[in-house]
There are 2 protein chains.
Amino acid sequence: MGATKTEHFTDSQNQIAMIAKALGHPARIAIIEYLLKVDTCICGDIVNELPLAQPTVSQHLKELKNAGIIKGNIEGNAICYCIDEKTLTIIKDYFSKIILTLTDQKCC
Amino acid sequence: MGATKTEHFTDSQNQIAMIAKALGHPARIAIIEYLLKVDTCICGDIVNELPLAQPTVSQHLKELKNAGIIKGNIEGNAICYCIDEKTLTIIKDYFSKIILTLTDQKCC
DNA sequence: AATATTTATCGTAATATTGCAATATAAAAA
DNA sequence: TTTTTATATTGCAATATTACGATAAATATT
């Protein structure tokens with residue numbers, strides 16, 4: 001045991017959970033906020049922005065990339081990162097729909 | 001090591017990450033979707049809905065409760081669970097704002 | 001009171017995550 | 001070509017998560 005039983009859940013449930021999980025770390029939220037703040041692709045500047053060692057930041061970037069939340073383009077000896085709007089839109093829309101459904105509910 | 005260095009990040013970043021983390025498991029997404037589907041508080045029915053053992057479900061419910069995503073009221077020998085709109089609204093608004101900021105950006 | 005029902009907690013095994021030092025890789029600059 | 005710069009990978013230790021059997025706790029039913 002210890003491994004999530006993804007096979008018991010729907011593709012949609014696994015997808016939303018996977019994106020949410022990737023967002024479930026303050027360093028990764030900080031990375032997203034930084035990419036948003038600078039307002040363009042960032043080529044080699046992220047490590048200095050975070051209070052973590054370079055391999056740790058690299059690992060967090062990898063997880064965001066695997067979840068489809070950011071994209072990385074090789075640009076010389078640096079890598080340009082930016083937010084992948086598509087994926088963030090998926091969870092935004094998902095939670096928007098939940099909130100909309102909820103307001104119709106009378107409960108607790 | 002192994003523990004997240006929350007002290008290095010802002011309260012906001014930690015809060016968003018904490019909520020996202022609680023949503024980062026398909027069983028917990030399934031619980032939320034079930035609470036939404038039945039359209040009222042649920043008193044003792046969640047365990048049968050999920051393909052997991054009762055202690056496991058209880059643990060997932062606890063995590064959702066700790067993150068403020070669901071509320072539980074004792075009702076006789078059962079417990080009534082329902083979604084806490086406030087908390088889901090926090091992340092919905094957060095990601096809405098991010099998407100809005102993003103559309104102004106020309107990138108990659 | 002005895003039993004059933006519902007949920008929580010404990011203990012534990014399996015696995016995943018976090019973080020970093022050391023090292024590798026690859027392109028740029030000297 | 002050597003050195004510098006930027007990022008990734010490896011290996012490892014510390015900690016967290018996931019899952020469940022066993023058991024506890026608390027109310028309901030008989």
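Being a predicted model, the structure only gives us computed values, none of them experimental. Just so it is clear: chains get the letters A, B, ... in the order the sequence lines come, proteins before strands, and each one is counted from 1.
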On DNA chain D, more 5' by nearest nucleotide between T6(A) and T4(B) is T4(B)
Residue Y81(B), side-chain atoms from C-beta onward, closest of dT15(D), dA8(C), dT7(D): dA8(C)
Once base and sugar-phosphate atoms are separated, protein heavy atoms under 4.0 Å mark nucleotides 21-30 of chain C, 5' to 3', with B, S and - as BB----SS--
When you measure from every atom of DNA chain C, which of residues 58-67 of chain B have a heavy atom less than 4.0 Å away? S58(B), K62(B), K65(B)
Across all chains, not counting sequence neighbours, the side-chain hydrogen bond (donor to acceptor under 3.5 Å, both in side chains) partners of T56(B) are none
With a 4.0 Å cutoff (strictly under), does any side-chain N or O of K21(A) reach OP1 or OP2 of dT17(D)? no
side-chain contact (heavy atoms from CB on, under 4.5 Å) involving I74(A) - partner list, sequence neighbours excluded: I79(A)
Stepwise, does the side-chain contact (heavy atoms from CB on, under 4.5 Å) test hold for Y34(A) with L50(A)? CA-CA 10 Å; Y34(A) 181 63; L50(A) 293 180; over 6 Å; no
Between C1' on dT6(C) and CD on E49(B), what's the gap in Å once rounded to a whole number? 16 Å
So do the side chains of H25(A) and K21(B) get within less than 4.5 Å of each other, counting heavy atoms only? no
Within a strict 4.5 Å, meaning less than it, do heavy atoms of the T89(B) and L102(A) side chains meet? no
Output the rounded distance in Å from CG (L52(A)) to C1' (dT17(C)). 13 Å
Residues within residues 25-32 of chain A bordering DNA chain C, heavy-atom distance below 4.0 Å: H25(A), R28(A)
For E63(A), salt bridge (Lys or Arg N to Asp or Glu O under 4.0 Å) partners two or more places apart: R28(A)
Counting side-chain heavy atoms from C-beta on, which of dC20(C), dA8(D), dC20(D) comes nearest to T56(B)? dC20(D)
Hydrophobic clusters here meaning ILVMFWY residues chained together by side-chain heavy-atom distances under 4.5 Å, can you tell me if F95(A) and I83(A) are in one? yes
Between N73(B) (CG) and dT27(D) (P), how many Å, whole number? 15 Å
Does any residue of residues 7-19 of chain A have a heavy atom under 4.0 Å from DNA chain D, and if so, which ones, in number order? none
When rounded to whole Å, the CD1 to P distance for the pair I79(B) and dT5(C) reads 18 Å
Just how large is the angle between the end axes of the helix from dA1(C)-dT30(D) to dA30(C)-dT1(D), five pairs per end, to 10 degrees? 10°
Going by side-chain hydrogen bond (donor to acceptor under 3.5 Å, both in side chains), name the residues that satisfy it together with Q15(A), two or more places apart in sequence or in a different chain. none
Output, in order, the C-alpha distance, side-chain angles, deciding distance and verdict of side-chain contact (heavy atoms from CB on, under 4.5 Å) for L64(A) and D84(A). CA-CA 10 Å; L64(A) 286 170; D84(A) 189 335; over 6 Å; no
Just wondering, are more than 12 heavy atoms of other shown residues or ligands nearer than 6.0 Å to CG in D11(A)? no
Close side-chain approach of I16(A) and L23(B), heavy atoms under 4.5 Å: no
Check the distance between dT7(C)'s P and K71(B)'s NZ and give it to me in whole angstrom. 18 Å
side-chain contact (heavy atoms from CB on, under 4.5 Å) partners of K65(B), counting only residues at least two apart: I70(B), Y81(B)
Using the test side-chain contact (heavy atoms from CB on, under 4.5 Å), find all partners of K5(A) that sit at least two apart in sequence or belong to another chain. E7(A), H8(A), L52(B)
With sequence neighbours left out, write down each residue that passes side-chain contact (heavy atoms from CB on, under 4.5 Å) with S58(B), or none if nothing qualifies. Q54(B)
Can you tell me if N14(B) uses its side chain to pair, donor with acceptor, with the backbone of T6(B) under 3.5 Å? yes
Return the CD to CD1 distance between E85(A) and I69(A), rounded to the nearest 0.5 Å. 14.0 Å
Contacts of K5(A) and V47(A) projected onto DNA chain D by closest heavy atom; the upstream (5') one is V47(A)
